[in-house]
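See below for the structure under consideration.
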Protein chains: 2
Amino acid sequence: MRTLDETDVEILRLLTEDARRPYREIAERVGLSSPAVSDRVTRLQDLGIVRRFTLELDRSKLRGGVPVLVELAVRPDAAAEMHEALAAADGVEHVFVASDPRVFFQARLPRADVRAFLAETFGAPPEAIVDYDVTVLTDVEWTPGTGGTDLALTCAQCGNEVDREGETLRLDGERYYLCCPSCRDEFEARYERFRAGAGAE
Amino acid sequence: MRTLDETDVEILRLLTEDARRPYREIAERVGLSSPAVSDRVTRLQDLGIVRRFTLELDRSKLRGGVPVLVELAVRPDAAAEMHEALAAADGVEHVFVASDPRVFFQARLPRADVRAFLAETFGAPPEAIVDYDVTVLTDVEWTPGTGGTDLALTCAQCGNEVDREGETLRLDGERYYLCCPSCRDEFEARYERFRAGAGAE
DNA sequence: CCTGAAAGAATTACGCG
DNA sequence: CGCGTAATTCTTTCAGG
């Protein structure tokens, strides 16, 4: 799989800012032609990095409900199924599955009636739920990665962020991004060992 | 301020599904012309309901960091400033401000080093933070409102959802949405009282 | 990845109820 | 004021290199 380059990251940044921006305008900014931008976007979608073009809505204007953050202590085996049910449930905006058997979700519910919501979503009584805790929210913010380094490349060697001082390496037609010369050298050496062991291609 | 109608909601649904969908295609589906759709979208933006056209990204593919949910107990007066600092910080995806003096945020951090992150974001030691608690996440999902009733109108009288059986009322050129005849009657009566008391306009 | 032509979409101007 | 139609302008897509 090909790695992303800085141009891809810039395209992502520009589209995150305004997903309806013409490809021609993006092309101008990144120094490519519009067909090239179009191709890259298609590739970013194929790679699953871009899941979809969508809207950022102010849900407080659409839904009268009270925003809540709910922490569920769940039966260890039930986390996956709860995740799905929650994602499909009405009013739920975010689902976070913890590494311990807990699931968090943020939602807007009529009258903050979490008990009723859980009963409706998981059946009554919801057997997979051991315990739950509700926090009423006054502010819910989603911060799409538009600012600076938020959409950054990660170093192929150490996983740290690759900034403008980073280096790029081309091996067998693939581009790799490295955060510093020492990572580049290590990576190159590792790559050579890999090649020697497994053969080219 | 004008209320939304079902057509607006359908437009929002279609754009949430694919924000780059041609207005002409949307127009066909909702039975309008493309300029009409364009006008409505502009209005939805002006009303602040559509914040922006953006991308839904698979951030796990872009950022190597560990996803965490952090609960901060903060000094009561500090919540607003923390909110801002967090929203601007690198790797932070969501910020939730509670009605009690707590702030939650979800982020992807290198090596899940929350202590370092907090020091960097709020200064060391971070005085506004009384305590904090970190949960490592295995799954982070954002559920854009595309499914069924998620993007629903709310009844001008009772705040409940307005579905296909709902009613619409036109008073002084404004459209109002009501979930049932009794809400419509109550709302109309309330409106008339308001008019009588405050005068028209 | 580029260029240039063809197809397609958005925007504008204008008229209607 | 919101909508439709039609002309204009701009964008995307496609073919070929």
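Protein chains get the first letters and strands the later ones, always in sequence-line order, with residue 1 at the start of each.
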*Between P of D/dC3 and CD of B/E28, the distance in whole Å*: 17 Å
*With heavy atoms under 4.0 Å as the rule, sort A/S38 into base, sugar-phosphate or nothing.*
sugar-phosphate
*What is the distance from CG of B/L44 to P of D/dG2, rounded to the nearest Å?*
12 Å
_Nucleotide nearest A/L32 (side chain, heavy atoms from C-beta), chosen from C/dC2, C/dT11, D/dC3_ = C/dC2
*asked:* I need the CG-C1' distance between B/D18 and D/dT12, as an integer number of Å.
replied: 15 Å
*asked:* Heavy-atom nearest nucleotide on DNA chain C for A/D39 versus B/P35: which residue maps closer to 5'?
replied: A/D39
*asked:* As a test of reading the structure: which of C/dA10, D/dT13, D/dG4 is closest to the side chain of B/R24, going by heavy atoms?
replied: C/dA10
*Which is it for B/F104 and A/F96 under the ring pair (Phe, Tyr, Trp, His ring centres under 6.0 Å) test, yes or no, and what are the steps along the way?*
CA-CA 12 Å; B/F104 296 78; A/F96 306 127; 10.0 Å; no
*CD of B/E25 versus P of D/dT12: gap in Å, rounded?*
16 Å
*Audit row: B/E10, B/R29, salt bridge (Lys or Arg N to Asp or Glu O under 4.0 Å) steps and yes/no*: CA-CA 9 Å; B/E10 181 64 7; B/R29 296 219 200 183; 5.9 Å; no
*Choosing from D/dT5, D/dC3, C/dC2, which nucleotide comes nearest the side chain of A/S33?*
C/dC2
*Among the candidates D/dC3, D/dT13, C/dA10, find the nucleotide nearest to the side-chain atoms of B/A36.*
D/dC3
*Between C/dA7 atom C1' and A/Y23 atom OH, what is the distance in whole Å?*
17 Å
*When you check the gap from the basic side-chain N to the acidic O, do B/R108 and B/E93 get nearer than 4.0 Å?*
yes
_For a quick test of reading the model: is some side-chain N or O of B/R40 closer than 4.0 Å to OP1 or OP2 of D/dC3?_
yes
_Less than 6.0 angstrom from the centroid, inside 45 degrees of the normal: does A/R20 satisfy that with respect to the ring of B/Y23?_
yes
*Below 4.0 angstrom from OP1 or OP2 of C/dA10, is there any side-chain N or O of A/R20?*
yes
